[in-house]
Number of protein chains: 2
Amino acid sequence: MQKTKRLLAIEKLITEEEISSHEVLLKKLKGKGLNCTQATLSRNLRQLGAGRIPDGRGGYKYFLPDNSGNLPSKAAKIQVLPAIREIVEAKGLLVIKTIPGNASNTAFYIDNTSRFEIAGTIAGDDTILVIPRDGISINQVHTCLEIILPGLHEQIKKKNI
Amino acid sequence: MQKTKRLLAIEKLITEEEISSHEVLLKKLKGKGLNCTQATLSRNLRQLGAGRIPDGRGGYKYFLPDNSGNLPSKAAKIQVLPAIREIVEAKGLLVIKTIPGNASNTAFYIDNTSRFEIAGTIAGDDTILVIPRDGISINQVHTCLEIILPGLHEQIKKKNI
DNA sequence: AGAAAAAATGTATAAATATGCAGAAAACAA
DNA sequence: TTGTTTTCTGCATATTTATACATTTTTTCT
């Protein structure tokens, strides 16, 4: 799954460094063994919701609007991820199973990332229903979840061995 | 003073409507009798710190990063503006004179707009020292103040008649 | 597995945006 | 005022970014 890796790398790069153009980003990615073209980058940046603003020194830089206002901290993420046991599709929706009692934390976390792809969530005790926005495929939601919670799918695989 | 008007109009337009391109903005401005070219717009948008992000529906839109987190309300602005009596340059800095006791409110307001042009302020009882960032001219600070407090300079003229 | 559908990607190019330069306008000084 | 300097602007164009289309890759279904 090349794209997911790339998306994650892009997120990391534009938050940690001042990236001034697609071209620069392209080279940085190439340096990490993630090759693609400017066209793909353009699409990926849009998908990530990445924007561009003046850098205050005559140039421009890319950035990710951080929904981090009320976003759970990195620490929270570390708690959320291991609580997830399983993800299943049902009727065009995603059902996430968690360790008992952890559904609402997890759903809260997902909600607060304010990803466009996700219309909303409903949580019980150990089950979360994730409702994708119209026009968003299940796969897109998976990618989205992977962005929110890097390592998610790999972890689930392991649990199910 | 055509530029100031234009800057204000641009700010208003991109915060109140979803502007998708320079071209669209150009037409809206034309509608208000403010004519210019795309080139000028490009420069103005940079000066305003305006950025562009995906609009979540396949397109893009311009926006102003709102430093409004702790920005005084519009109401506060209405109180701040009339308290300002005079603006003088001194040694590459700006000295703002206010009605007695109003300096710190006013300085607080200016600080919290987080304009790039202004490195910081120091306030006494009726006097504020505004320190422009290196490389920023006094005129640029004036423009900046006019953006923060529309009508400022016109008001000062009247007071001094 | 193999067929069918969906998603991802590259290529070429269109569209959008930024900028060097020169002239115009405005601010400033005396 | 008049000359001087700074800022602003448009024009033409370079640069950058987005996208239509064709192809490949990945998923989904049976």
Side-chain angles (χ1 to χ4, degrees), chain A residues 1-10 14 19-27 29-30 34-55 57-63 87-92 94 117 132 135-144 146-147 153, chain B residues 1-7 10 14 19-27 29-30 34-55 57-62 87-89 92 117 132 135-144 146 153 157:
Chain A
M1 176 119 349
Q2 184 80 154
K3 189 185 174 187
T4 303
K5 268 189 198 147
R6 180 157 24 85
L7 289 179
L8 292 169
I10 292 171
I14 68 181
I19 303 291
S20 63
S21 72
H22 290 190
E23 197 177 3
V24 169
L25 186 49
L26 213 51
K27 282 178 187 164
L29 288 171
K30 193 154 287 180
L34 296 164
N35 293 55
C36 71
T37 60
Q38 177 269 325
T40 297
L41 222 46
S42 172
R43 295 174 184 123
N44 289 173
L45 284 167
R46 161 183 295 177
Q47 187 169 18
L48 289 170
R52 193 183 48 159
I53 43 171
D55 65 3
R57 289 188 310 281
Y60 290 83
K61 66 180 177 189
Y62 285 83
F63 77 106
I87 306 182
V88 209
E89 197 213 320
K91 299 181 187 298
L94 272 188
E117 295 92 330
I136 300 297
S137 75
I138 289 294
N139 256 20
Q140 286 176 302
V141 178
H142 273 293
T143 300
C144 166
E146 184 69 33
I147 289 172
H153 293 86
Chain B
M1 175 121 344
Q2 184 78 157
K3 189 185 176 187
T4 301
K5 266 188 199 150
R6 181 157 23 86
L7 289 178
I10 292 171
I14 69 180
I19 303 292
S20 62
S21 71
H22 290 188
E23 197 178 2
V24 169
L25 185 49
L26 214 50
K27 281 176 187 164
L29 287 170
K30 193 153 287 180
L34 295 164
N35 294 55
C36 71
T37 60
Q38 175 269 323
T40 298
L41 222 45
S42 172
R43 295 173 184 122
N44 289 173
L45 284 166
R46 159 181 295 175
Q47 188 169 16
L48 289 171
R52 194 183 48 156
I53 43 172
D55 64 3
R57 288 186 311 280
Y60 290 84
K61 66 180 176 188
Y62 285 83
I87 307 182
V88 209
E89 195 212 320
E117 295 92 329
I136 301 296
S137 75
I138 288 294
N139 257 19
Q140 285 175 303
V141 177
H142 273 292
T143 300
C144 166
E146 184 70 31
H153 294 86
K157 268 186 196 163

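The sequence lines fix the lettering, A, B, ..., with proteins before strands; numbering per chain opens at 1.
For A:R46, the side-chain hydrogen bond (donor to acceptor under 3.5 Å, both in side chains) partners at least two apart in sequence or on another chain are B:Y60. For A:N35, the side-chain contact (heavy atoms from CB on, under 4.5 Å) partners two or more places apart in sequence, or in a different chain, are A:K30. Under the rule for a side-chain contact (heavy atoms from CB on, under 4.5 Å), the partners of A:N44 that lie at least two apart in sequence or sit in another chain are A:K3, A:R6, A:L7, A:I10, A:T40, A:Q47. Listed by chain and number, the residues in a side-chain contact (heavy atoms from CB on, under 4.5 Å) with B:L26 are B:C36, B:Q38, B:L41 (sequence neighbours excluded).
In this structure, B:K61 atom NZ and C:dT17 atom C1' are separated by 20 Å, rounded to whole Å. For the pair B:Q47 CD and C:dT17 P, the interatomic distance rounds to 19 Å; values are reported in whole Å. One can place CD1 of B:I138 at 17 Å from C1' of C:dA29, the figure rounded to the nearest angstrom. What separates CD of B:Q140 from C1' of D:dT6 is a distance of 11 Å, to the nearest Å. Atom CG of B:D55 and atom P of C:dA16 are 14 Å apart (whole Å). Atom CD1 of A:I53 and atom P of C:dA18 are 13 Å apart (whole Å).
Enclosure of atom CD in A:E89 by more than 12 non-hydrogen atoms of other residues, nucleotides or ligands within 6.0 angstrom is indicated.
Look at B:N139 and you'll find a side-chain N or O under 4.0 angstrom from OP1 or OP2 of C:dC28.
Between B:R52 and A:I53 there is no side-chain heavy-atom pair separated by less than 4.5 Å. Looking at B:L25 and B:Y62, their side chains never come closer than 4.5 Å, going by heavy atoms from C-beta outward. Residues A:F63 and A:I19 form no side-chain contact, since every pair of their non-hydrogen atoms from C-beta on lies 4.5 Å or further apart.
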**Complete:** Given protein heavy atoms under 4.0 Å, the one-letter contact record of nucleotides 9-24 of chain D, with B base, S sugar-phosphate only and - none, is simply BBB-----BBBBB---
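Taking five base pairs at each end of the helix from C:dA1-D:dT30 to C:dA30-D:dT1, the local helix axes there meet at an angle of 50°, rounded to 10°.
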